[in-house]
Amino acid sequence: MAILQKHGKNSSPDLVCLKEKTPDKTGVAGGHQKKWSEPNTHWPRPLARVWTVVLLLGTCLLYCARVAMPICAVSMAEKFNWTKRDQGMVLGSFFWGYCFTQVLGGYVSDRVGGEKVLLLSAAAWGAMTAFTPVLAHFCSQPIFSMTLARFLMGLLQGVHYPSLASLCSQKVVESERGFLMSTVGSGSYLGTLVIGGAGSLMLDLYGWESVFYVSGLLSVLWAYCMWKYLLKGEGPIITLESLGSGGPQSKLSRRHWLRLFKQPAVCAVIITHLCTASTFFTLLSWLPTYFKDTFPDAKGWVFNVIPWFVAIPSSLFSGCLSDHLISKGYDTAAVRKLMQFFSMGVSSVFTILLCGTTTFPMAVAFVSVTMGLTTFSHSGVSVNVQDLAPSCAGALFGVMNTCGAFSGVLMVYFSGYLIEATGSWASVFALITVVNLVGLVTFLAFAEARRVDIDSSKGRYHNIHI
């Protein structure tokens with residue numbers, strides 16, 4: 001594990017050179033003078049706080065809609081006679097759609113505004129969620145209709161986080177972005193917690209259809225309130241003209257992107273995020289089925305609530321801890337590696353312990369610790385992309401999430417195959433541990449925190465934009 005070392009805040013030679021040589025307001029590129037300063041369109045602090053709460057609720061509902069299918073998968077499998085492989089195909093199809101709209105979401109958001117993309121996508125995936133039971137009951141082949149519905153859900157929800165990153169970079173001052181992103185990010189655990197508790201109760205009392213109806217309609221209501229009260233009823237119109245008027249900052253420099261992807265630290269971030277995302281998606285998709293199969297008499301609200309109840313304060317604690325260590329002068333790269341060690345290394349110990357667990361309380365405890373430690377990646381690899389390339393962090397995060405979603409598809413489906421082939425959940429937990437260790441070793445070996453989107457030899461920025 002990396003050794004924490006203190007350093008001065010301005011000790012980076014690249015940035016010192018940059019400060020001495022960077023022009024004040026303008027730079028020359030290709031013989032043309034270009035302004036680097038942009039008009040101030042940042043939200044005032046009171047409005048930023050309102051948007052923080054609204055986006056937190058939106059992310060919460062995003063995960064309520066996303067996790068509705070894993071929560072109801074066992075009941076739907078019993079009703080429609082699905083095998084474990086069929087369940088894996090339905091659950092995994094979400095990530096096929098999720099793969100394709102990550103970069104596109106950031107691309108469109110940079111041109112028309114992240115709030116418009118968030119609004120349109122939320123209205124669409126909320127309606128799709130509410131319409132899911134209708135598709136299941138009125139189609140002659142529910143396995144195909146549910147696979148298609150989950151694929152469309154993935155397409156629509158894939159734009160959410162890139163749009164958040166774009167919106168944050170455009171509307172929030174740099175000193176307040178950490179608070180907004182960490183708070184909004186915790187909405188994923190809050191949403192999983194809410195749907196795990198309330199969804200399990202609705203599932204037992206009113207049937208699996210009610211979970212989709214409630215989460216979908218609430219999402220549509222959130223989109224309407226956002227449009228009515230924050231956007232003041234302004235039409236969320238996205239036209240071809242607006243897509244083509246992104247300005248000079250929306251142009252993609254292939255040469256700069258190729259140079260960026262040749263950096264070992266960037267490759268390490270992508271590989272580590274791929275491993276983190278695939279193991280998280282696998283746990284998210286299969287844990288409800290694991291508890292139902294292993295402990296059939298257990299109450300669903302217990303194992304669907306407690307792990308995410310632990311994850312929320314754990315996520316906030318990891319952010320506070322990493323910020324505190326960096327503010328005390330510890331090396332940023334070492335802090336990122338420490339957070340990732342807890343996320344992928346220590347959590348894997350408790351994942352392996354699940355293989356020999358025979359009691360329900362111990363299983364819930366191990367899963368809770370695993371999910372709590374996994375959240376430390378928000379202060380590790382997820383933030384490291386902003387250390388490496390702040391000028392294109394949103395687009396690069398879209399690339400990372402695309403890779404993570406694609407690997408999630410394969411791993412969720414392959415996990416279903418392993419369960420059916422071996423008849424044991426130990427094979428799935430062993431797979432998760434191996435993938436975690438691959439990502440951790442890569443990150444510890446190659447991760448850095450210095451900027452790689454600048455050319456220090458020329459003493460000026462090479463901003464990379466979509």
Exercise for the section: Output, in order, the C-alpha distance, side-chain angles, deciding distance and verdict of side-chain contact (heavy atoms from CB on, under 4.5 Å) for F303 and F360. Expected result: CA-CA 9 Å; F303 57 78; F360 178 66; 3.9 Å; yes
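- Within the 4.5 Å cutoff, the side chain of L57 has no heavy atoms near those of the V54 side chain.
- Looking at heavy atoms from C-beta onward, M76 lies out of side-chain contact with Q87 at the 4.5 angstrom threshold.
- Looking at V266 and L396, their side chains come closer than 4.5 Å, going by heavy atoms from C-beta outward.
- The existence of a salt bridge linking D293 and K84 is confirmed by a sub-4.0 Å separation between a basic side-chain nitrogen and an acidic carboxylate oxygen.
- Nearest heavy atoms, C64 versus I195: O-CG1, 3.6 Å.
- Pairs passing the salt bridge (Lys or Arg N to Asp or Glu O under 4.0 Å) check and including a residue from residues 131-144, sequence neighbours excluded, do not occur.
- A donor-acceptor pair shorter than 3.5 Å can be found between the side chains of T59 and H160.
- Between F80 and W208, the ring planes are perpendicular. Angles over 60° get that label, and only those under 30° would be called parallel.
- Atom OG1 of T129 sits about 9.0 Å away from atom CG of L62, to the nearest 0.5 Å.
- Rounded to the nearest 0.5 angstrom, I143 CD1 and R85 CZ are separated by 12.0 Å.
- Within 6.0 Å of CZ on F261 lie more than 12 heavy atoms contributed by other residues, nucleotides or ligands.
- S407 contributes a side-chain N or O that, together with a main-chain N or O of C403, makes up a donor-acceptor pair within less than 3.5 Å.
- Expressed to the nearest 0.5 Å, how far CG of L61 lies from OG of S219 amounts to 4.5 Å.
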Handout entry: Derivation of the side-chain contact (heavy atoms from CB on, under 4.5 Å) call for Q263 and E448
Key = CA-CA 10 Å; Q263 299 288 336; E448 300 177 10; 6.0 Å; no
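- At distances below 3.5 Å, at least one donor-acceptor pair connects side-chain atoms of Q340 with backbone N or O atoms of V381.
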Handout entry: CA sep, side-chain torsions, deciding dist, call: M344, T272, side-chain contact (heavy atoms from CB on, under 4.5 Å)
Key = CA-CA 9 Å; M344 305 184 82; T272 304; 3.7 Å; yes
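- Contact between S415 and T282 at its shortest, heavy atoms only, is OG-CG2, 3.4 Å.
- Taking the side chain as every heavy atom from C-beta outward, K337 and F341 never approach each other to under 4.5 Å.
- With a 4.5 Å cut-off on side-chain heavy atoms, F212 and M69 count as touching.
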Practice task
Tell me, with the steps shown, if F94 and Q157 meet side-chain contact (heavy atoms from CB on, under 4.5 Å).
Solution key: CA-CA 9 Å; F94 172 89; Q157 290 198 351; 3.5 Å; yes
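- Side-chain N or O atoms of W286 include one that pairs as donor or acceptor with a backbone N or O of V412 at under 3.5 Å.
- Atoms OG and CE, from S382 and M339 in turn, are 13.0 Å apart once rounded to the nearest 0.5 Å.
- Looking at heavy atoms from C-beta onward, M226 lies in side-chain contact with W51 at the 4.5 angstrom threshold.
- Within a 6.0 Å sphere centred on CZ of F406, other residues, nucleotides and ligands contribute 12 heavy atoms or fewer.
- Between F376 and F342, the ring-plane angle classifies as tilted under the 30° and 60° cut-offs.
- When atom types are taken as modelled, the side chain of S379 and the backbone of S318 share a donor-acceptor pair closer than 3.5 angstrom.
- Between the side chain of R66 and the backbone N or O of T192, no donor-acceptor pair lies under 3.5 Å.
- To the nearest 0.5 Å, atom CG of residue L388 and atom CZ of residue R450 are 8.5 Å apart.
- Aromatic ring centres of Y290 and F429 lie closer together than 6.0 Å.
- Within a 6.0 Å sphere centred on CZ of F309, other residues, nucleotides and ligands contribute 12 heavy atoms or fewer.
- Taking the six-membered ring wherever Trp is involved, the centroid distance between the rings of H324 and Y330 does not fall below 6.0 Å.
- Between C99 and T402, the closest heavy-atom pair is O-CG2, 3.2 Å.
- Checked against the 6.0 Å centroid threshold, Y417 and Y413 do not count as a close aromatic pair.
- A pairwise comparison of heavy atoms in S163 and V117 identifies OG-CG1, 3.2 Å as the closest pair.
- Between T433 and N436, the side chains place no donor N or O within less than 3.5 Å of an acceptor N or O (distance only, hydrogens not considered).
- Side-chain atoms of W308 do not come within 3.5 Å of backbone N or O of M371 as any donor-acceptor pair.
- Put simply, CE on M400 and CG on N384 are 8.0 Å apart, with the number rounded to the nearest 0.5 Å.
- Within the 3.5 Å criterion, the main-chain N or O of G207 finds a donor-acceptor partner in the side chain of S210.
- Judged by distance alone, the side chain of S427 and the main-chain N or O of S424 form a donor-acceptor pair under 3.5 Å.
- T101 places no side-chain N or O within 3.5 Å of a backbone atom of L104 that could act as its donor or acceptor partner.
- Residues L431 and M411 meet the side-chain proximity criterion, which asks for heavy atoms closer than 4.5 Å.
- In this structure, the side chain of S145 engages the main chain of P142 through a donor-acceptor pair within 3.5 Å.
- A pairwise comparison of heavy atoms in S93 and V90 identifies OG-O, 2.7 Å as the closest pair.
- With no hydrogens or angles considered, no side-chain donor-acceptor pair links S186 and S315 at under 3.5 Å.
- Taking 4.5 Å as the limit, some side-chain heavy atom of F100 sits within range of a side-chain heavy atom of F151.
- L373 approaches S314 most closely through the heavy-atom pair N-OG, 4.2 Å.
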